[in-house]
Student: 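One structure, pasted below without further comment.
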Amino acid sequence: MSRSRWYAIRTAPGYQRMAAVDERLPENRRMESIIERNCRKDGFDIFMPSFYTELRHHRTKQILQKRFPFLVGYAFVNLPRLNFEELRSVEGVVCFLHGANYGPLEFPDEEIETLYFAEHERRQAFLYEQHCRKENERHEQIQHLRGQLRKILPKGRKARVSMVDQAERAIDSLSPQIKERVQKIISELNGLTADVDVENLREAV
């Protein structure tokens, strides 16, 4: 089995951007860059240390997930067969990073592993931040829907009777239009709290 031999390549401007979505690719390649896709297409093992972030589209306000390189302009390619000329022919590869001996500079596995670990740590932090954002949005939506129910339903709800319970009990006495609206709100609330313990939910709503 060939040992790993990692070399740094200089990438052409723009080739570290995310490539166009290709649904035929496996999930772990859905956010690859152009240079990664080009290298993998030609059979090269490439590693571009990256971090993820979320940006809000200025016009649609949609949350977009983006991936950016830690090392702008550089990536690492494993060349156990030392086939440098083949790699140079890949679109987006400009040159190799050279060392003091004027040849391509080889990076030991330990250094590549350190970069892998740093990328993994940043990825986990991003996933946690993403989870917190989604939970905050879910909580805000639940509060909004509860507020809508309070405006529709009769006053005087008992302290330990949840808003959803009250709505379910009172729904048959509502007009068809209001009944449909309340049913929609209850459905949305159930969807937002489907993964929450039922007893805790009914006490909290």
Side-chain angles (χ1 to χ4, degrees), residues 1-139 195:
M1 184 175 179
S2 300
R3 74 178 182 88
S4 299
R5 304 194 70 163
W6 291 95
Y7 296 88
I9 58 167
R10 187 84 169 90
T11 63
Y15 277 78
Q16 287 181 305
R17 295 197 319 268
M18 287 169 57
V21 175
D22 186 345
E23 299 296 338
R24 298 168 298 178
L25 294 174
E27 185 64 31
N28 64 337
R29 289 188 56 186
R30 293 292 172 85
M31 296 188 71
E32 68 185 355
S33 65
I34 299 172
I35 189 64
E36 288 172 311
R37 182 167 298 178
N38 290 350
C39 285
R40 288 165 182 159
K41 179 170 61 77
D42 288 348
F44 292 102
D45 181 16
I46 182 171
F47 171 48
M48 187 182 79
S50 305
F51 66 94
Y52 296 78
T53 189
E54 290 185 330
L55 301 174
R56 190 179 296 275
H57 193 281
H58 69 282
R59 182 170 52 82
T60 65
K61 306 305 179 185
Q62 180 183 3
I63 297 291
L64 304 174
Q65 189 177 124
K66 295 289 186 180
R67 177 174 175 244
F68 297 98
F70 276 141
L71 305 170
V72 176
Y74 292 94
F76 298 90
V77 179
N78 182 23
L79 293 176
R81 295 191 293 114
L82 303 180
N83 46 338
F84 300 108
E85 292 305 317
E86 290 180 34
L87 182 60
R88 284 193 182 95
S89 66
V90 174
E91 184 179 354
V93 175
V94 175
C95 63
F96 288 90
L97 184 65
H98 285 69
N101 61 354
Y102 302 103
L105 181 61
E106 184 175 347
F107 288 80
D109 286 346
E110 292 77 14
E111 292 186 13
I112 300 300
E113 288 170 3
T114 298
L115 291 172
Y116 266 113
F117 183 73
E119 181 184 67
H120 175 75
E121 276 199 329
R122 187 62 191 89
R123 175 68 170 165
Q124 294 308 305
F126 165 76
L127 291 174
Y128 177 74
E129 293 163 4
Q130 185 183 60
H131 170 76
C132 290
R133 176 188 61 77
K134 289 180 177 179
E135 281 299 298
N136 288 336
E137 289 178 352
R138 186 169 71 96
H139 180 72
D195 58 346

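If you're wondering where the values come from, they're calculated on a predicted model, not measured in any experiment.
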Student: Does the side-chain contact (heavy atoms from CB on, under 4.5 Å) test come out yes or no for Val93 and Ile35, once each step is laid out?
Tutor: CA-CA 8 Å; Val93 175; Ile35 189 64; 3.9 Å; yes
Student: Going by the rule side-chain contact (heavy atoms from CB on, under 4.5 Å), which residues pair with His98 if we only count those two or more places apart in sequence or in a different chain?
Tutor: Phe96, Pro104
Student: Enumerate the residue pairs fulfilling side chain to side chain donor-acceptor pair (under 3.5 Å) with a member in residues 16-30, sequence neighbours excluded, ordered by first and then second residue.
Tutor: Asp22-Arg24, Glu23-Arg30, Arg29-Glu32
Student: Look at Glu135 together with Arg138 and state whether they make a salt bridge at an N to O cut-off of under 4.0 Å.
Tutor: yes
Student: Less than 4.5 Å apart, side chain to side chain, heavy atoms only: is that true for Phe76 and Pro49?
Tutor: yes
Student: Mind checking what makes side-chain contact (heavy atoms from CB on, under 4.5 Å) contact with Thr60, not counting sequence neighbours?
Tutor: His57, Gln62
Student: Is the shortest side-chain heavy-atom distance between Val94 and Tyr15 below 4.5 Å?
Tutor: no
Student: Under the side-chain contact (heavy atoms from CB on, under 4.5 Å) criterion, do Leu64 and Arg56 qualify, and how do the steps go?
Tutor: CA-CA 6 Å; Leu64 304 174; Arg56 190 179 296 275; over 6 Å; no
Student: For Asn83, which residues count as a side-chain contact (heavy atoms from CB on, under 4.5 Å) partner, sequence neighbours excluded?
Tutor: Phe44, Leu79, Arg81, Glu86
Student: Taking only residues two or more places apart in sequence or in another chain, which ones pass side-chain contact (heavy atoms from CB on, under 4.5 Å) with Leu97?
Tutor: Ala8, Tyr74, Leu105, Phe107
Student: Determine which pairs satisfy salt bridge (Lys or Arg N to Asp or Glu O under 4.0 Å) with at least one residue from residues 89-108, sequence neighbours left out, and list them in order.
Tutor: Arg3-Glu106, Arg5-Glu106
Student: Please list all pairs meeting salt bridge (Lys or Arg N to Asp or Glu O under 4.0 Å) that have one or both residues in residues 62-77, counting only residues at least two apart or in different chains.
Tutor: Glu36-Arg67
Student: Mind checking whether Phe68 and Tyr52 have side chains closer than 4.5 Å, heavy atoms only?
Tutor: no
Student: Please list, one pair per line, the donor and acceptor atoms closer than 3.5 Å that link side chains of residues 114-131 to other protein atoms, with sequence neighbours excluded.
Tutor:
from: Thr114; atom 1: OG1; to: Glu110; atom 2: O; distance (Å): 2.9
from: Glu119; atom 1: OE2; to: Ser50; atom 2: N; distance (Å): 2.9
from: Gln130; atom 1: NE2; to: Glu54; atom 2: OE2; distance (Å): 3.0

Student: Quick one: list whatever passes side chain to side chain donor-acceptor pair (under 3.5 Å) with Glu111, sequence neighbours left out.
Tutor: none
Student: Which heavy atom of Cys39 sits nearest to which heavy atom of Leu87, and what is that distance?
Tutor: SG-CD1, 4.1 Å
Student: Does any part of the side chain of Cys95, heavy atoms only, come nearer than 4.5 Å to the side chain of Arg10, both counted from C-beta?
Tutor: yes
